[in-house]
Each structure stands twice: as structure tokens, then as C-alpha cells.
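Input: a single structure, listed below in C-alpha cells.
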Amino acid sequence: MPRFLSDVPHEIYRHRAFAIAAIVTGLFLLLFASLPLLFRSNPFLSLRTPAYEEIATEVLGNLVQSSSFPLLIASIVFSIWGVSVYLRCLDAVLRRRLVAIAAICTLWMIEVIVKYKSFTPAYASLLWYLYYVPMTLIPILCQLCGFRLAGLERRRPWRRYRNVLWALAGIIILFVLTNDLHHQVFCFDPASDNWSSDYTYGWGYVLVLVWSVANFVGFFILIGLSSSYRIRRFTFTAVLVFCAGVFFAVSYALRVPWAWRLNFSLVYCIFCVVVLEICLESGVFPSYHNIAGIFDTLPLDLKVMTRDFEVAYATPASEPLADGVCDELRAQEHGRMHAFTVISKPDVMYRAFPLMGGCALLAQDVHELNELNGELAHRRAELQRQNELLAADYDLKAHLADQEAEALLIQDVDQALARSLSSLYDLLSSLPPLTDETSLDERYRLLQCAKMHIAYCKRKGSLTLAQHGESGFDRNRIQLIANELASDLRTLGVDCASIIAIGQPMHASTVSALYDCVYDFAFFAYTTERPALMYHLSDHDPGSVELRATLVSTDDIDLSSIPAARELERALQGRDVAYRLEGEPGELRMIVLMSRVGE
């Protein structure tokens, strides 16, 4: 709705609408009162310049007594209809296009009146060609209204199609206005005195006719597709009117006597206005028609309120405003949709939608929804308590699992220490006396082996302290342990190097199993000649690690075939690992794959 007519009472709205219509009518009366001056001052309209009174008497008399009088009335009616459409149509784009059609019809009527009072053939032919400007523009405006109703204007292909339509309309208008140069629309002899009635139609006229029919057919197809089943019966009425208009146009083109005697421009405009008015009144075009009746059919508590928060329209199901609703509306920012509740009615949800002259207030009973929300909140609290119990239970089980892993680790360390100490006692008890150089070398070898057992016991014993200290063994810590192991082995005459390439920390249980595998391999290496060891520890997958060890010595036999290799294999079989031993002369390779236990 126009801004100067919004947010006003209904009576003031009607008075302003009638005032606009009266102003338009006065302007037309002023225009036709000035027609004598136009005829007097324009030499193209008359070859003589009599006095104003004579021209006024002649022009106004002819207007009243001749066929121009209906055109005068029609121009006033079309202009008032344009004002009415502007006040009634809801859609701004449709409103502008309908007003444009009304303005074109009004100007067309004025142009026909002026044509009847022209006295020069050139001026009369130009005004005759101007008939086809509205005959070209009105159909395209109708089809564009159909585009708007079908919602196609937002799509790029249809926007391009609209631009093509306007370009074709401009070409057709230019082609008709230049008919005197090519005579392809109307064929006549300009030198003949009866050229205005003695003419034939060219292919250009057929082009204009096809253009009009195609646009009108497209208009009815679009509104038929975009209308509901209830409204399509009114669309059928508009189609019948259109068919009657096509029948009249064909009869006029064939110069049937009953149609030839009528004014083509007036009948054309009447048919177009009637079709558009049917669409507007039937609801095909969105309008303010029977807006109060629409509210009577709604089963909702809906109110339309002015900016002063007075109720303008209300549905029969609506209830009085509760306390605090108006205060809440004032506190909210105008122009934005918002929802709220008030203390006086906690079970009612209010939704305010912005309108140009105020807002629409929708009230919804949310009693059942509130009960459901309360039940869901209670259920959520229960689930939260259960979640807390499950979390406490998980923490307890995790703590028990850690204690169990710690107990297993301590048991494993105890057993390993017991085995190592037993081996150490056996070594010490079997030391030979210092009698010769050979016994001295053997005694030194056995003491070095005992030293390795002591280093092994020290490393395994440190694992029990790791359970109470740091959370795990990361890469740096394991690299430090590997370097200490390499240093111990080098003091025993075994060259050793290691590479640690793990990404995540490992549990003490995993490190304990790796200790056993590394020292088993180191004890085997001590039995060879001039051994050299290389260890590589890396992640095999997210749940396991891989240890690769390589031994190189100066022995000439296959190291995997000696008795110490079988003892190493039996030791690896007692571990919870997957392994593989590969040997060749002077070399032995061990691959161990184990899971990250205890994590």
C-alpha cells in the first residue's frame, strides 16, 4: 500500500482515494478545456487560426456530438481505474505494471481524440501509426505480469527472455512508425484522397497481430499455472473475455460491418481492462479485496496492529491482548520478526511480523509444548545423572584396570628379575680361579655377562617406578633409554646404535616387552665374534609398534643355525609378540610386531 495511505483509519482511506480520483478527473477537464488553444496555436492541426471562442465552440461541440465523447469518458475512467489499481494491488511490481497499462490506455484515448481533429494527412497517418505503440506495449506488460505471478523473474534465463521481449517490442514499434518508408504494415497510395479507408494489410501487420496474441496467450498460461484450483474458474472467465476480444480483432481486420463501425482502440482497451480487473478481483493478482473476509476464515489468533498498537483487523478466534504484550512490542526493534511470551500468559507464544503500517501479531497456545519441554527437561536431568554415574563407573573401571596392569607389570618385572638374578648367581658361582691367561679371559667374559644382567635388572626395575610417575614413554624418553643401552653394550665390546621413530607415547607394559626382546637379542649378540647391533623402533599402525634389529659379526656360519639362536627363538616364543628371525653367514635379523598393551 502507498505510504500516504498506510496506517490510517478506513474512512480516511476512502476519502483520500476519492480525492485522488477527483484530482485526476479535474486534470482531464483542464486538458480538454485547453484543446482549443492547442488547435489554434498548432499549424499542423489546422490551416486557419480563428478566434478562441470559435474553436472552443467547434471543438467542444464536436466532442459532445461526435464519437470523441465516449473516448473522453473512457480516458477519465481508465485513469481512475489506474488509481484504483494502485490502491488495491498488493505486489509493488504488479502495481507498477498495471498502472502503466492504465496510463497507456488513457494516453491512447487522448491520441485518438486528437487524431479525429487533425486536418493534415501526414499528421493523421503518424497518429494512426501511434495506435500500434500501445498495441505492442500492453501485451508485453500483461505477459510480464504473468512472469511475476509465476515467480520466474528471479531466474536468469527468464530475465534474458524478458530483455529479448523488450528488444522485439522496440523493433516492432520502429517498424510500424516507419511504414511510410516501406509500406510493409499498411499498403496504400499516399496521393489518394481515400487512403485512410482504401488500404490493405502487409506482412508487418500480421507480425503485430501474432505478437499480441502470443503475449496474451503466454499471460493466460502463466496465470493458469500459478493460480490455485479455486481461482482457476475465474481465470476461465478472463479467458472467455479474451476470446471475445480476439474475435472482435479478427472481425475488425476482416472489416466485418458490425466490427468496422466500432472504435477499435476503445474496444481493445475495454477488453484488456476487463480481463485485468477480473484477475484482480478474483484473487489472481494479490489485492486488498475482501481482506476482512480473509481474516474471518482463519482459525488462528491473528491480529493486524497499527504502529500505535491498536487492533485494525482481528480473526474471530482472536482473544484480547494480554498484559505486557504492547510493552514487549514497544521494546522490540521495528522491522524484524521476533517471538516472545509474557508473564500474564506463559502458555501463549506471541510472534510479531513487521508490516509497512504496523505489525501482524500471531498468538499460539503452547501449553502442550511447555508440558513436553518440562518432560524433556526432567528426562534430560535423569540422563545427565545416569551419565555422571556411567562416568564415575568408567573412572573406577579405568582405575582398576590401571592397578591390574600395574600388578601384572610388577609381577612380570619380579619374574624377570628373579630369572636374571638366578642367571647372575650361576655366573658368579661358575667363575674360574685365576690360574692362567685363559681362565682370566673366561672370568672377564663372565663378569661382563653379569654386568649385562645387572643393567637389565636396573632397566626393568625402573618400569615399576614409571607406573607412579610419568603417564607414558614418549619418543625422547625411549631414545634416552636406547642410548643408555647402547652405551652399556659398547662397554661390553658390542657396537650398538638405535633409531626411535614413534609418534605416540607408549605404556610401560609395552616398553617392558620391548626390553625383553632387545636384551634377548643383545645376549645373543654377545655370543658372536665382534658383534655390531642396529635397532629401529617405529609405529606399525595406530594399535601396534614394530621393532627391527640387525646383528652383524665376523662369524662365517649362518647365525640363525647356531644353538644360541634357538634359545633366542624359545625366549621370543615366551613373549606376547609376533616375530620373525632371518639369518645368513655373519648376520641375523629380527622383526618383532607387538600391540600397544595397557593403553
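The CD atom of E319 lies 7.5 Å from the NZ atom of K303; values are rounded to the nearest 0.5 Å. The distance from the CE atom of M594 to the CG atom of L514 is 5.0 Å, given to the nearest 0.5 Å. Atom CG of L137 and atom CD1 of I172 lie 10.0 Å apart (nearest 0.5 Å). Between the CZ atom in F524 and the CD1 atom in I562 there is a gap of 3.5 Å [rounded to 0.5 Å]. Atom CZ of F216 sits about 4.5 Å away from atom SG of C142, to the nearest 0.5 Å. For the atom pair CG (L165) and CG (N215), the distance works out to 6.0 Å, reported to the nearest 0.5 Å.
The side-chain heavy atoms of C496 and Y535, taken from C-beta on, include a pair separated by under 4.5 Å. Side-chain contact check for L480 versus N476: every heavy-atom pair is 4.5 Å or farther apart. Within the 4.5 Å cutoff, the side chain of L537 has heavy atoms near those of the I502 side chain. Using a 4.5 Å heavy-atom threshold, the side chains of M590 and L572 count as touching. Counting heavy atoms from C-beta outward, L222 and L149 have side chains that stay 4.5 Å or more apart. Contact check for L568 versus F521: side-chain heavy atoms found under the 4.5 Å cut-off.
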Item checked: Working for side chain to side chain contact (heavy atoms under 4.5 Å, CB included), residues L144 and F147 -> CA-CA 5 Å; L144 292 180; F147 282 169; 3.5 Å; yes
Next item on the list: List the steps and the verdict of side chain to side chain contact (heavy atoms under 4.5 Å, CB included) for F309 and L321.
Entry: CA-CA 10 Å; F309 305 108; L321 290 176; over 6 Å; no
Next item on the list: Determine, step by step, whether Y579 and Q573 satisfy the side chain to side chain contact (heavy atoms under 4.5 Å, CB included) criterion, reporting the C-alpha distance in whole Å, the side-chain angles of both residues, the deciding distance to 0.1 Å, and the verdict.
Entry: CA-CA 8 Å; Y579 71 93; Q573 289 176 355; 3.1 Å; yes
Note to self: I'd like to know whether H540 forms a side chain to side chain contact (heavy atoms under 4.5 Å, CB included) with V545, so could you lay out the CA-CA distance, the side-chain angles of the two residues, the decisive distance to 0.1 Å, and finally the verdict.
What the structure shows: CA-CA 5 Å; H540 182 265; V545 293; 5.9 Å; no
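Heavy atoms from other residues, nucleotides or ligands lying under 6.0 Å from CZ of R530 number 12 at most. With a 6.0 Å radius and a threshold of 12 heavy atoms from other residues, nucleotides or ligands, Q386 has its CD atom above the threshold.
Paired with Y350 under the rule side-chain contact (heavy atoms from CB on, under 4.5 Å), one option of D301, V342, L329 passes, and it is V342. Screening T550, L547, I499, I591 for a side-chain contact (heavy atoms from CB on, under 4.5 Å) involving H536 leaves a single residue, I499.
The list of salt bridge (charged side-chain N to carboxylate O under 4.0 Å, His left out) pairs with a residue in residues 214-224, not counting sequence neighbours, is empty. Applying the side chain to side chain donor-acceptor pair (under 3.5 Å) rule to pairs touching residues 553-566 yields S553-D555, D558-S560, sequence neighbours excluded.
Checked for salt-bridge contact, R379 and E382 meet the test: a charged N lies under 4.0 Å from a carboxylate O. Looking at R330 and D327, a side-chain N of the basic residue comes within less than 4.0 Å of a carboxylate O on the acidic one, giving a salt bridge.
Remark: the backbone N or O of A501 is not paired with any side-chain donor or acceptor of R475 at under 3.5 angstrom. A donor-acceptor distance shorter than 3.5 angstrom exists from the side chain of N483 to the backbone of Q479, with no hydrogens or angles considered. A donor-acceptor pair under 3.5 Å is absent between the side-chain atoms of D323 and the main chain of S344, judged by distance alone. Between the side chain of R589 and the main chain of R548, no donor-acceptor pair closer than 3.5 Å is present.
Under the side chain to side chain donor-acceptor pair (under 3.5 Å) criterion, N370 pairs with D347, sequence neighbours left out.
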